[in-house]
Amino acid sequence: MTGVQTCALPIFFEHLVLPKLLPLLQTQAPGLILHSRSAEGRLPKEQLEQGQFDVAIAGFFGDLPDGFYKRKLYEDHFVCIVREGHPRIGKSLTLDQYLAERHVLISPQGDLRGVIDVQLEKKKKKRQVIAGISNFLTPGGVIAASDCVLTVPSRLAEVYRQRLPIKVMELPLTAPPVVMLIAWHERTHRDPLHQWFRDKIVQCIES
């Protein structure tokens with residue numbers, strides 16, 4: 001197999017899948033070039049339609065427009081992270097403690113209100129968000145160097161934990177799951193190379 005497959009991925013997803021996907025491609029399709037590009041938060045609709053991207057992966061696409069397909073990669077849940085040695089938070093976190101702390105929010109789309117804030121509003125409660133950060137990797141370092149709290153999917157928390165002096169604990173409220181999807185346009189739906197490539201991404205996630 002030869003050609004280029006261009007993927008729009010969240011940066012943290014690159015950490016999860018590329019260490020498995022690249023060796024697999026080198027073995028099974030050495031003529032295939034993988035081009036990974038960042039596309040945080042929104043479905044890159046026009047780029048997929050025009051062929052600039054072949055697939056897009058994220059957990060926040062919402063309903064797809066006509067002409068697009070999707071496949072579930074995995075389901076995740078939210079957790080909280082704080083730095084090791086946090087002066088007020090030990091091994092677990094109550095809702096009162098959660099609300100008393102200052103929060104950093106990952107905000108690819110630029111707003112300062114996330115799914116957690118929606119859930120808190122249902123309880124007539126509010127947290128104090130002091131910063132919104134547009135990418136998925138910077139916030140881990142911010143948390144490791146501050147007394148703030150960050151709420152993230154558990155797989156992203158594990159990426160941070162492997163590299164930074166942080167601790168991970170359960171979120172003290174109920175929140176909907178994060179469903180990671182791979183999406184593509186109908187122009188590539190039946191193409192054998194594209195089908196094969198999408199299957200390999202799924203294989204890397206499931207292995």
Side-chain angles (χ1 to χ4, degrees), residues 7-18 36-45 47 56-62 73-181 183:
C7 309
L9 307 175
I11 294 174
F12 86 90
F13 194 84
E14 292 181 336
H15 286 256
L16 296 179
V17 73
L18 293 193
S36 175
R37 296 172 58 187
S38 175
E40 310 283 13
R42 291 187 176 91
L43 179 74
K45 179 177 180 293
Q47 292 96 325
I57 295 172
F60 307 101
F61 284 154
L73 293 175
Y74 64 85
E75 192 169 293
D76 205 351
H77 65 282
F78 285 102
V79 297
C80 300
I81 68 167
V82 299
R83 71 174 176 89
E84 289 284 1
H86 192 287
R88 293 174 297 279
I89 298 174
K91 295 181 179 180
S92 62
L93 188 62
T94 68
L95 181 56
D96 286 343
Q97 287 176 309
Y98 184 82
L99 296 175
E101 297 296 331
R102 296 173 298 172
H103 293 257
V104 172
L105 173 69
I106 296 178
S107 179
Q109 298 180 13
D111 54 22
L112 293 174
R113 181 175 177 268
V115 62
I116 300 303
D117 301 288
V118 174
Q119 298 305 307
L120 288 171
E121 288 169 7
K122 293 178 181 179
K123 298 177 175 288
K124 300 188 185 309
K125 298 184 182 297
K126 186 177 181 179
R127 61 177 177 169
Q128 182 186 5
V129 175
I130 66 163
I133 298 176
S134 63
N135 69 79
F136 287 92
L137 292 187
T138 302
V142 172
I143 294 304
S146 72
D147 291 338
C148 295
V149 177
L150 179 66
T151 304
V152 293
S154 67
R155 293 201 186 196
L156 176 55
E158 181 60 21
V159 171
Y160 294 147
R161 192 191 63 78
Q162 292 174 359
R163 296 164 172 80
L164 297 165
I166 58 111
K167 52 187 176 183
V168 181
M169 57 200 68
E170 292 300 315
L171 177 69
L173 69 147
T174 301
V178 178
V179 181
M180 291 295 291
L181 302 173

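Both backbone and side-chain heavy atoms feed into the values below; hydrogens, waters and symmetry mates do not. The shown structure was predicted, so the numbers you read here are calculated from the model rather than taken from an experiment.
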I143 side, atom CD1; Y160 side, atom OH - distance, nearest 0.5 Å | 8.5 Å

Report the distance from atom OG of S36 to atom CG of L18, rounding to the nearest 0.5 Å.
-> 5.5 Å

Given side-chain contact (heavy atoms from CB on, under 4.5 Å), test L120 with L95 step by step and report yes or no.
-> CA-CA 10 Å; L120 288 171; L95 181 56; 4.2 Å; yes

Do you know the tightest heavy-atom contact between A157 and I166?
-> O-CD1, 4.1 Å

Residues two or more places apart in sequence or in another chain: which of them pass salt bridge (charged side-chain N to carboxylate O under 4.0 Å, His left out) with R102?
-> none

Contacts satisfying ring pair (Phe, Tyr, Trp, His ring centres under 6.0 Å) that involve residues 96-120 (not counting sequence neighbours) are Y98-H103

For I133 against V104, the heavy-atom pair lying closest together | CD1-CG1, 3.7 Å

Are any of the side-chain heavy atoms of S154 and F78 separated by less than 4.5 Å?
-> no

Check: residues 167-178 side-chain donor-acceptor pairs under 3.5 Å, at least two apart:
{"residue": "K167", "atom": "NZ", "partner": "I89", "partner atom": "O", "Å": "2.8"}
{"residue": "K167", "atom": "NZ", "partner": "G90", "partner atom": "O", "Å": "3.0"}

Sequence neighbours excluded, which residues qualify as side-chain hydrogen bond (donor to acceptor under 3.5 Å, both in side chains) partners of E75?
-> K72

Do the rings of F13 and Y74 sit parallel, tilted or perpendicular, given the 30° and 60° boundaries?
-> parallel

Nearest heavy-atom contact between G141 and L164 is N-CD1, 3.6 Å

In Å and rounded to the nearest 0.5 Å, what is the CD to CZ distance from E121 to R113?
-> 4.0 Å

For Q47, side-chain contact (heavy atoms from CB on, under 4.5 Å) partners two or more places apart | P44, Q52, F53

Write out all pairs satisfying salt bridge (charged side-chain N to carboxylate O under 4.0 Å, His left out) with one or both partners inside residues 128-146, taking only residues at least two apart or from two chains.
-> none

Non-neighbouring partners of S92 that pass side-chain hydrogen bond (donor to acceptor under 3.5 Å, both in side chains), sequence neighbours left out = none

Among residues two or more places apart or on two chains, list those pairs meeting salt bridge (charged side-chain N to carboxylate O under 4.0 Å, His left out) that have a residue in residues 87-100.
-> R88-E101

Not counting sequence neighbours, which residues clear salt bridge (charged side-chain N to carboxylate O under 4.0 Å, His left out) with R161? List them please.
-> E158

H86 and V82 have their tightest heavy-atom pair at CD2-CB, 3.9 Å

Supply the atom-to-atom distance E14 CD to I57 CD1, rounded to the nearest 0.5 angstrom.
-> 10.0 Å

Results of side-chain hydrogen bond (donor to acceptor under 3.5 Å, both in side chains) for T138 - residues two or more places apart only = N135

Indicate the atoms forming the closest heavy-atom contact of P10 with F136, along with that distance.
-> CB-CE1, 4.0 Å

Applied to residues 127-155, the salt bridge (charged side-chain N to carboxylate O under 4.0 Å, His left out) test, sequence neighbours excluded, yields R83-D147, D117-R127

So how far is it from L16 CG to L73 CG, rounded to the nearest 0.5 Å?
-> 10.5 Å

Taking all heavy atoms of P139 and all of L150, pick out the closest pair and write down the distance.
-> CB-CD2, 3.6 Å

I106 vs L156, side-chain contact (heavy atoms from CB on, under 4.5 Å): CA-CA, chis, key distance, verdict = CA-CA 11 Å; I106 296 178; L156 176 55; 3.8 Å; yes

Output every pair passing ring pair (Phe, Tyr, Trp, His ring centres under 6.0 Å) with a member in residues 104-131, not counting sequence neighbours, ordered by first then second residue.
-> none

